Amino acid sequence: MTVSYVIKRLIYLVFTALLVSLIVFSVTQLLPANAATMILGEYATDEALAILNSKLGLDDPAVVQYFRWLGNVVQGDFGISLRTSQPVGPTILNAFGRSAILAITSLVLVCIIAIPLGVLAASRRGKPTDLAVSLVSYIGVSMPEFVLATLLLVWLASPSIGLFPASGYVPFSEDFWGALHHIALPVLTLTIVLTAHISRMIRSEMADTLEMDFIRAGRLRGLSRRRVLFRHALRNSMLPAITVIALDVGYLIGGVIVVEEVFAFPGIGRQLILAIQNRDLPMIQAGALIMAASYAVANLLADLAYGALDKRIKY
Amino acid sequence: ATRADNTLRLSVNITPGVLNPMLSRAAAEYMMSEMLYSGLTSLGTDMTAQPDLATEWSSNDDVTQWRFTLRQGVKFSNGQELTSKDVVASLRKLLDPETGAPGRRNLGPIKMVEADGDYTVVVTTETPFADLPVALTYPTAKVVPADIIATNFDSLAQVPVGSGPFRLQEFRVDEVAVLVKNPEYFVAGLPYLNQIEIKTFPDAAGSTAALLAGEIDMIHDVQPTDFARIDQASGVSGLRTPSGRFLDVVMDTTVAPFDNILVRQALSYCVDREAMIELVADGYGTPGNDTPINAAYHYYADAPHKSYDPKKAKTLLAEAGYPNGLDLELIASVKPGYRSTMAVVLREMAKAGGFNISVKTMDHSSYLDQVWKKGKFYVGFYNMMPTEGMSFNLLFTSGASWNETKWNNTTFDEYVRLADETTDSEKRKELYANAQSLMQKEVPALIPCFFDILGAKADYVNGYEQHPRGASFAFHKIWVGSNPPTKS
Amino acid sequence: MTQTMVLDIKDYSLTYQTQSGPIRILENINLQIAKGEVLGLVGESGSAKSSLAYSVMRDLPGQVELETGSMWLKGEDLMTMTEEELMHRRGKQISMVFQNAATALDPTQSLGDHVVETLQAHQAASKEDTLKRVYELFELVGLPDPILMANKYPHEVSGGEKQRVVLAMAISSNPDLILFDEPTSALDATTAVNMLDLFAEMQKKIGVAGLFISHDLGVVAEVADRVAVIYGGRIVEVATVDDLFANPKHPYTQSLLASLPRPSDIRNKRGLKVDEGTPPPRRGEVPSCNFSHRCSKHDPAICDQSRVFLEVQGDRKLACVRPDVAVDETQASSSDILPATTDVVLEVKNLTVKLGRTSLLDELLNKEATQVHAVNNIDLKIHRGETVSLVGESGCGKSSLARALVGLNSFEGELRLNGRDIKALDEAYRADVQIIFQNPDSSLNPRHTLETILSRAIKLYRPDIATDERSEAIQKLFEQVRLPAHYRNRYPHQLSGGEKQRVAIARAIAADPKVIICDEITSGLDAAVQAAIVALLRKIQQDTGVALLFITHDLAILRHIAHRTAVMYLGEIIETRSISGLDHAPYHPYTEALLSSASSPDPKTETRQVRLKGSLPVRTSLLTGCGFESRCPRRIGDICHEQPAPMKEVVESSHVLKCHHEIVDLEHIEPVWKFT
Amino acid sequence: MLFLIKTLRALMRSPQGAVGTVLVFLLLLISVFGPLLAPQDPESFNFGSRFAPPSAEFLFGTDWFGRDLFSRILVGARSTVLLAILATFIGTASGALIGIFSGFVGGWVDELIMRTIDAIMAIPGLLLALMILTVLGSSSLNAVIAIGVAFAPGMARISRSTTLAVRELDYVSAARARGESKLWIIFAEILPNMVAPVIVEATIRVAFAIMTLATLSFLGLGAQPPSPEWGLMIADAREHMFRSPWPILAPGISIALVAIAFNLLGDGLRDVLNPHSQE
Ligand SMILES: Nc1ncnc2c1ncn2[C@@H]1O[C@H](COP(=O)(O)OP(=O)(O)OP(=O)(O)O)[C@@H](O)[C@H]1O
Ligand SMILES: Nc1ncnc2c1ncn2[C@@H]1O[C@H](COP(=O)(O)OP(=O)(O)OP(=O)(O)O)[C@@H](O)[C@H]1O
Ligand SMILES: [Mg+2]
Ligand SMILES: [Mg+2]
């Protein structure tokens, strides 16, 4: 792995981010209505609209708007939210931070649960354990987040049980246990869905690896079952798993959007939906950019990790 | 006795976004500006004008000129004294089309605003306008310092400068706004509360759960579906006030098929109004009679409700030239949720009457852009207005700024104009009754039911009087009792 | 007797259950291996050689339907052992070396750790002792610089080195028995022969018993004491190497040997037997003799009376009830190759092929492209009716040249077809120069019927054939390559390997080409099938006068098809010579080593040993000196490193070679083969 | 045809394949004949039986308008399942074509296409669909298009990598050496040999499309009320979730079941179409 490889990837990353912003911007240009309509709401008059449009610079040609936006971003200025008149940068970073807590907690939990589960299933192929794990993971991957989340809400947050709050968010800085209590359901939802996904993946990777010659060779050298399973099979299955987990970051981000909506969790997903609903262009752009960047960075990290772990890969 | 911290934690469902009081549009924003600012008059729960900055007011005989006497010694939060020049500047700014203030057209036909000395403001109207003191209770009609208007109006979006009972301490969009007691408030002894935390719970279930768990003390706006549940729980109680808030089905009376009065009438016979209340408002409402006025207003004319009569509807429709029924597309914005519920229920009810309605929902932005005031058949939503005249003038007179139906009935216009210009209550009653019955007959819009204002609070919250208009709150009169929530 | 045997398999049978019913894998196997003895096991692909090895290891891949008999390892019955007990035997008492070392090693584990792990599984020892033992073992299997080696990962070393590591693991616990499952077939000839030497040496040193599996009789002959021939899951003949080669008794063994080329074939004018039999039935009724369906001396009255078992018959064990009836040898093709003409069809001059792709960003970043000079500056001529064989190690650039000639690789240099200068490969050129690929499984589109495959070629190249006559043309092609006509609607996967290759040949000759390039088209095939394909090509050449560029790494088959051979090393043709002179010096030192590494099943031929060390380097930039210099056993000195070797002509003008040695010096070299 | 029968037979042999095939078959039947099977009008209100629990009259109970959930599920199957298949088809077909083209042409065209696809894939699919739908306006058909567009890049990537693998195979080299046209090579040589992985992927994606479609309806951007689209049913039922769980459970379990069916079928197909598993 060379420095030049990393540089190359970073260039790609910037290129990707640029392309993402361009795509998102183009799509937003097509959106019916604009921020001014939303700001004025059901009180708009044509003159008021025109005034607000020119004040917000929404009447400039799209190209001018895009490059103005880009120019500011390059200087680290993400603009002012059209919906709330608050600066976009801090708002989106805050929201992102909260979402990241959700995502990372889920991801860590998933890794702790899913990997052993997948290994277990693969090593007992066709046995009841495998069937049980497979069945559960089938249900897990087949349950859209919003269904799962709603069901959890009905069961665990219903007034009669009231185990968890139905929604909202408490900052960790304010009340640690309260915060934990509040993220429990969203994290549970994401974890269940992702665990199903990743354990299934690990299982199939493992199953493939277990068919490989070197597994048989290990067995026929008299190595113990455990060693063959964990030292050889798992390690070789983890490599492709890393890539898939990184790709799942994209999936996770999508899941986060839904889960935040269901649990009214003030993260980046909700922020983006609000922004789209309100045609809050700077916010949409910043949100999409930050999501795309986290996806790209996750993939980059995965590739680097892959390169570090798998001695065969030469960048 | 009050609770030690005397802090009220309140939930709203839409985050207050706009802080500038003249630009605010939503209930949560009105709430904030009411706490931070004062106006000339405020709206009582009986829909009359109450003193706020103005302690008394009077008009000339033909009600074209009003004099307001201001309180003395009122201080802005920046320490400046509030005088008539601030009131004049504020009202002028509000009326300036450049400002783009949402409530500009709701204040009445104001021609001129002038100061008469430091503590008197004179307002002159184009035409006689008896309701001016009530009109000036409009939530955006708040007073801000004249020099800020002149030099730095935009700064109000971040830093409020007002004379209300509270002052802003912290504001995080989409999360929380913390307001603290204004020690210099002009009414001695008020407010009772030391602090108010306004928390945003976009999800109704969330705020309900939070209230039940004792994490908040009060919900400003409860969904009809949650109300019974809250009301039954111990330690909390539901608040319910009949209101003039309504959903209407707007029909553009200038285009086919709605230019045919028979079609509109047919549709109005397709509504089972009691069932509608049950299905759309979960029973928390009052039936509507296709006029924006109900019993919550002064001059409500109690007429028998139209019955659900699909047969008659069919006959009318056939008469109108649609013997085989009529296909229509009804558009409903997704905000608030019961717009589409109403659309679906209407669709089902109108089937029997020969209407084949398909429902199309739309996100609110697109709705505002493409449908509102433009579409020919859609679901509108309006809060209660302070007066009958404002409601009519806003929606149904020919010159109404939100003249969605383009009904433009000169007889109706005349009734409303005459009522505006008179102070004689009997005469007004008659005129408004005529206007209402005309609407019932001609059905420019379908107004099947009104929604009650629903809220909820913990039992230890005292002094709160729910306002039927839904845009006034009087938080300065609330205190938190000594049986505080037992929080885990 | 059982007590002295290391392995004693008694009447072992195995049946698997599959989705389409039970399948007999092994039937009534009886085999013994004594201490210190190496038993060779040969048989065609699918004859259940590997299955037998897995049975011995007690690691059955299939779903067992029925398993009978017994299997004794030094007096202990393997078949009754628990998994736990087996774990302690495997790798300690009995180890196995797989066909492909590349896949038998965990890519994420260093070579040293592999051995350490194996050692630790069987005996407790301190870390240092274990490591010391690892280095010892590495030294033993001929890995230079063991410490460096131990830290390397599988992908960092060559195939031969990997196989040595596997061997080191196999012998690490001084086992009683090692099973070798085709341990050399994935290796290059020059590497394979080194490995064979090593096995023999190892065996001598530690006296371990071995079961050596191979489909190549020649290879088995090098290492085994006795040979067992397996056919369709049954052992048909067991004898000592000498007895078996000198006097095969079972008709299958005889046929197997008859289709195997030998170095002495040109001298003896020996042709190869062409017999592509179908494999024996493994399902349904159990035949009394499973070779009878292709046996020329099959007599139902005698052979089908009762199950024919393996029985002692004289100096050997044999499963045949008519051993003394002779087989007629008329099926053997003649060894004569018609002489070629002197008109040049295809000529290349200074042809260079560079491979390696650069990305857009690399180009923008001005990064230097890492290109491989797969073919470097070669000259080659092919005459009408002539077969030129191109030989060389894996990776030397044979395929790159072939692909360049048919427009699949871009190249620099001159190319002439029938004297016509070819700048861009046009329609006419493409029709005239056809290619057949090595792997018949991938060279035919699995989703097309044979009809589609052939009609495409006709449509493209033979516009003279009208659409409605195409069917007839296809018919003719089928006849030409001797495929049954009813195959035309089949899909490739319904054919055997040899049949697929025939389809590929049919596709190539559909264009009526001037040149056919055959890229290792026989290397995946069993000997009998290979002989048949070679015969078919010769027939086609006789009929059409087509020129062939026959790429192969199998030097034994050359004598049966080629007129001339070109030897390639590191992208360069270092020698071109006629086949008739193959048995005589002068040789290029590389050619000499290459020829010497071809294994010979002929007990009457002695092959002189010339061994190469190391493996083929990659040619990225142009070398200054001779490409072979780094491995050359006859390296002169610095001149080899500093100056490119000059092309020298041997008296006979069609023989040229590229070497710093004087031709006269090379002429004194002993011949590679001694025929007795 | 023969191929189809053979595949089916092979499918029936594995438990996943068998269960998946049968379930999917049943589902398709329901999708087509659901409206005929429904015991009640899915839209008519039963004023007297709002929030009824499951009973003989209402197999799955009723919702807040007293509509029969069983009938709604049956009728809604069509808009859910068939539209998901359509969406998958759009995404798969366009993605596969882009992927093959990109992989086959190679060079900077390939690089440009792939970088663009990387960028699109970096935008979460749901977000992309959300934006597209906001542009096009909410409707089931637009949701189908949005999902199709959101699926295409992933599909393009898969088919590109398959193309790259197939492209290196000798029969493609043979076709190139033969001088076949690019169209022939793409459509006759490469395409048929990459349908297997693409079909497997597509089957599993149907499950995903069903979920995404439901999610979009849930977010208010797909089907229009009062259509009995399952995601929309859940979205609307959420308000009433503490009064009766059935309006959520019925469509929720249905969605999961359908997704499971397609996942099973996909996994079954993966095993069957995998060349290694063929005899
Ligand atoms: N797991 C299995 N299930 C069913 N049949 C099998 C299984 N493994 C092998 N066979 C069959 O057993 C026969 C022998 O296979 P085996 O691999 O032992 O042959 P081989 O002699 O080693 O061939 P090769 O030279 O190609 O390696 C073949 O016909 C094969 O199809
Ligand atoms: N696409 C490519 N890019 C870079 N290097 C390549 C490429 N293809 C082949 N090579 C390298 O070119 C050299 C010659 O390869 P080629 O396939 O021509 O050898 P070969 O003699 O046919 O070998 P084999 O006997 O294994 O078929 C090898 O070192 C190989 O690694
Ligand atoms: Mg084998
Ligand atoms: Mg090659």
Side-chain angles (χ1 to χ4, degrees), chain A residues 12 15-24 27-32 131 134-135 138-139 141-148 150-151 153-155 157-160 200 204 211 247 250-258 261-262 269 272-273 276-277 279 284 287-288 291-296 299, chain D residues 15-16 115-137 150 154 204 207-208 210-215 217-221 230-231 234-235 237-238 241-242 244-245 248-249 251-264 267 270 276:
Chain A
Y12 279 147
F15 182 76
T16 303
L18 215 71
L19 221 58
V20 166
S21 76
L22 196 63
I23 293 169
V24 172
V27 176
T28 53
Q29 287 303 303
L30 300 173
L31 291 178
L131 290 182
S134 297
L135 194 72
Y138 266 119
I139 295 174
V141 292
S142 303
M143 193 84 96
E145 294 88 349
F146 77 95
V147 174
L148 186 62
T150 311
L151 291 181
L153 264 181
V154 174
W155 285 325
S158 81
S160 51
R200 226 162 84 98
S204 86
E211 298 281 297
L247 283 175
Y251 178 82
L252 188 65
I253 296 172
V256 162
I257 296 179
V258 176
E261 189 63 20
V262 175
L272 256 166
I273 290 189
I276 292 175
Q277 282 169 356
R279 311 293 186 261
I284 299 177
M291 282 190 168
S294 32
Y295 173 85
N299 275 295
Chain D
Q16 305 170 334
R115 290 283 88 80
T116 312
I117 277 176
D118 281 349
I120 296 177
M121 284 190 63
I123 307 171
L126 189 67
L127 182 65
L128 193 66
L130 220 79
M131 289 201 294
I132 295 172
L133 266 181
T134 315
V135 170
L136 298 177
I204 289 173
F208 206 63
I210 286 169
M211 297 198 279
T212 314
L213 210 59
T215 306
S217 290
F218 174 77
L219 295 175
L221 289 164
W230 299 345
I234 296 179
R238 261 170 60 81
M241 66 183 168
F242 294 128
S244 163
I248 288 180
L249 280 179
I253 292 174
S254 303
I255 293 175
L257 218 75
V258 176
I260 288 179
F262 277 96
N263 271 321
L264 283 171
D267 284 356
R270 191 202 307 276
H276 300 301

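First the proteins, then the strands, lettered A, B, ... as listed; each starts at 1. The figures that follow rest on heavy atoms only: side chains count, while hydrogens, waters and symmetry mates do not. All of these numbers come straight from a predicted model, not from anything done at the bench.
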Practice task
List the steps, then state whether side-chain contact (heavy atoms from CB on, under 4.5 Å) holds for A/Phe146 with D/Met211.
Solution key: CA-CA 9 Å; A/Phe146 77 95; D/Met211 297 198 279; over 6 Å; no

Exercise for the section: Kindly indicate, with the supporting measurements, whether the criterion side-chain contact (heavy atoms from CB on, under 4.5 Å) is fulfilled by D/Met241 and A/Leu151. Expected result: CA-CA 9 Å; D/Met241 66 183 168; A/Leu151 291 181; over 6 Å; no

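- Note that CD1 of A/Ile257 is 9.0 Å distant from CG of D/Leu219, once rounded to the nearest 0.5 Å.
- Two residues are said to be in side-chain contact when any heavy atoms from C-beta on lie closer than 4.5 Å; A/Arg200 and D/Asn263 meet this criterion.
- Atoms CE and CD1, from D/Met131 and A/Ile273 in turn, are 12.0 Å apart once rounded to the nearest 0.5 Å.
- Put simply, of D/Ala122, D/Ala259, D/Pro124, D/Ala119, the one with the most heavy-atom pairs under 4.5 Å next to chain A is D/Ala122.
- Using a 4.5 Å cut-off between heavy atoms, A/Ile284 touches chain D through its side chain atoms alone.
- The parts of A/Leu30 that come within reach of chain D are both its backbone and its side chain, each placing non-hydrogen atoms under 4.5 angstrom from that chain.
- D/Arg238 touches chain A through its side chain: at least one heavy atom from C-beta onward sits under 4.5 Å away, while N, CA, C and O do not.
- No part of D/Ile253 comes within reach of chain A, as not one of its non-hydrogen atoms sits under 4.5 angstrom from that chain.
- For a residue to count as touching a neighbouring chain, one of its non-hydrogen atoms must lie under 4.5 Å from one of that chain's; by this rule D/Ile255 touches chain A with backbone and side chain alike.
- For chain D, the nearby parts of A/Ile139 are the backbone and the side chain; heavy atoms of each come within less than 4.5 Å.
- Residue contact with chain D, scored on non-hydrogen atoms closer than 4.5 Å, involves the backbone and the side chain of A/Val141 alike.
- Residue contact with chain D, scored on non-hydrogen atoms closer than 4.5 Å, involves the side chain of A/Phe15 exclusively.
- With a threshold of 4.5 angstrom between heavy atoms, D/Ala207 does not approach chain A through any atom at all.
- The shortest distance between side-chain heavy atoms of D/Thr134 and A/Gln277 does not fall below 4.5 Å.
- Note on D/Leu136, D/Thr215, D/Ile123, D/Leu128: by heavy-atom pairs under 4.5 Å with chain A, the leading option is D/Thr215.
- Comparing A/Val24, A/Leu148, A/Thr150 by heavy-atom pairs within less than 4.5 Å of chain D, the highest count is held by A/Thr150.
- Neither the backbone nor the side chain of D/Phe262 comes within less than 4.5 Å of any heavy atom in chain A.
- Ranking D/Ile132, D/Leu249, D/Leu130, D/Leu264 against chain A, the residue ahead of the rest is D/Leu264, based on heavy-atom pairs under 4.5 Å.
- For a residue to count as touching a neighbouring chain, one of its non-hydrogen atoms must lie under 4.5 Å from one of that chain's; by this rule D/Thr212 does not touch chain A.
- In terms of heavy-atom pairs under 4.5 Å with chain A, the best-connected choice from D/Asp118, D/Ile248, D/Leu257, D/Leu127 is D/Leu127.
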